[in-house]
2 protein chains.
Amino acid sequence: MKLSTRGRYGIKAMLDLALNSQEGQVSLKSIAERQDISENYLEQLFAMLRKNGLVKSVRGAQGGYMLATSPDNITVGSVLRSLEGSLAPVECVSEDSTNVCDRANACVTRLVWKKIRDRVNEVVDSITLQDLVNEVKKMNEDNGYMYYI
Amino acid sequence: MKLSTRGRYGIKAMLDLALNSQEGQVSLKSIAERQDISENYLEQLFAMLRKNGLVKSVRGAQGGYMLATSPDNITVGSVLRSLEGSLAPVECVSEDSTNVCDRANACVTRLVWKKIRDRVNEVVDSITLQDLVNEVKKMNEDNGYMYYI
DNA sequence: TGAAATCTGAGTAAATTACTTGGAATTAGG
DNA sequence: CCTAATTCCAAGTAATTTACTCAGATTTCA
């Protein structure tokens, strides 16, 4: 039941963007350096985030990425699902799934998977990037230095 | 964030046991046939379940497995964790983890992973095998036939 | 014009998963 | 006592997924 690096890197990178793209776009290179993630790999993640409408890009020199909307409109859930696909613990309860077996409506274990799925979605959809930004600011005030990985 | 077949098969098999081991042990062969799971693979899963004290075994001819305690003492969570390890979405918030990075206590994203972990554990620990047995019985009464995969 | 960036598709090594295989040990029933 | 049925155990393996790298095309600022 682990997230892949896509989801983990994605949240880190989006939080980095939220903290750094207030005055315009931010290059992947700088995110990659700050967060210690391969720049080439980040490109792939941002391609997905862009297709899902979570970030906007500016091409060419001095180009980069910025959040597509304000941080309080972007949930952790939307980021994770963009990069990981459905957060359902089993295919047959994926929100979009066509992979439902023929006994699905008489399947007891499926009820369990649904409950897990719903709770996970509940948590991740209740947390916005703004919430994380606020946490970072609080930590920085308390400690006097920058930590937010 | 998917469960592996270990967790899925494990829940199916344990529910099968709960329904069939009232009058003594049940062979893996019969579980494997009913649930359409490889018998050899099930052996490995039951080795883990036994080590975690969830099932008891009887060796030799006519031997088999039975639940180690009553179904209402066995949670879905304990079965899943026996087979999958910690259900934490990220290593650094595993309950047993020694893999905590040095910035852990100033890490904002870690708070997110913890919340996910706690909610997942909350759901799976709130469901017992007895709950699933009851669901099966209800379905059978309603429909008149046996379905519980 | 050149450097810095995004964009795109393909390739790949390592790890993980989902098994299979082979055989030893145990025990009920004939 | 023998045999078949079973658990137990350790290794091996094919397929899949992950986490990247690489190469190059395209765009745009200075």
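As a basis for the values below, the full set of heavy atoms in this structure was taken, side chains included, without hydrogen atoms, waters or symmetry mates. This one's a predicted model, so the numbers in the text were calculated from it and none came from an experiment. Numbers restart at 1 for each chain; the letters A, B, ... are given by sequence-line order, proteins then strands.
Note on A/Val108 and B/Leu19: same hydrophobic cluster, where clusters join Ile, Leu, Val, Met, Phe, Trp and Tyr whose side-chain heavy atoms are under 4.5 Å apart, directly or indirectly.
Panel note: side chain B/Ser21, backbone B/Ala18; no donor-acceptor pair is recorded below 3.5 Å.
The line from CG of A/Leu15 to CD1 of A/Ile74 is 11.5 Å long, rounded to the nearest 0.5 Å. Interatomic distance, CD of A/Gln25 versus CD of A/Gln62, reported as 8.5 Å (0.5 Å rounding). In this structure, B/Ile11 CD1 and A/Thr109 OG1 are separated by 8.0 Å, a value rounded to the nearest 0.5 Å. Rounding to the nearest 0.5 angstrom, the gap separating the OH atom in B/Tyr65 from the CD1 atom in B/Ile31 is 9.0 Å.
For B/Arg6, whose side chain is taken as the heavy atoms from C-beta onward, the closest listed nucleotide among C/dT17, D/dT18, D/dT21 is C/dT17.
For the pair B/Tyr41 OH and D/dG12 C1', the computed distance is 15 Å after rounding to whole Å. Atom NZ in A/Lys56 sits roughly 16 Å away from atom C1' in C/dT6 (whole-Å rounding). Here the C1' atom of nucleotide D/dA19 and the CD atom of B/Glu91 are 17 Å apart, to the nearest Å.
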Full working for side chain to side chain contact (heavy atoms under 4.5 Å, CB included) between B/Val120 and A/Val120: CA-CA 7 Å; B/Val120 169; A/Val120 170; 3.6 Å; yes
From CA spacing to verdict: side chain to side chain contact (heavy atoms under 4.5 Å, CB included), B/Met1, A/Leu80: CA-CA 10 Å; B/Met1 275 277 284; A/Leu80 291 181; over 6 Å; no
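For the pair B/Asp125 and B/Arg81, the minimum side-chain heavy-atom distance is below 4.5 Å.
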Could you go through nucleotides 8-12 of chain C and list every protein N or O atom that sits under 3.5 Å from one of its N or O atoms, giving the distance for each pair?
residue, atom, partner, partner atom, Å
C/dT8, OP2, A/Arg50, NH2, 3.3
C/dT8, O4, A/Glu43, OE1, 3.2
C/dA10, N6, A/Gln44, NE2, 3.4

Nucleotides 2-5 of chain C: which of its N/O atoms have a protein N/O under 3.5 Å away?
residue, atom, partner, partner atom, Å
C/dA4, N3, A/Ala61, N, 3.3

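A sub-4.0 Å separation between OP1 or OP2 of C/dA18 and a side-chain N or O of B/Ser4 is present. Taking 4.0 angstrom as the limit, A/Tyr9 places none of its side-chain polar atoms (N or O) nearer than this to OP1 or OP2 of D/dA19. Remark: B/Thr5 is in phosphate contact with C/dA18, judged by side-chain N or O atoms under 4.0 Å from OP1 or OP2.
For A/Lys115, the NZ atom is loosely surrounded, since the number of other residues' heavy atoms within 6.0 Å does not exceed 12.
Looking at A/Glu95 and A/Asn121, their side chains do bring a donor and an acceptor atom within 3.5 Å of each other.
For the contact set between residues 77-90 of chain A and DNA chain C, defined by any heavy atom under 4.0 Å, there are no members.
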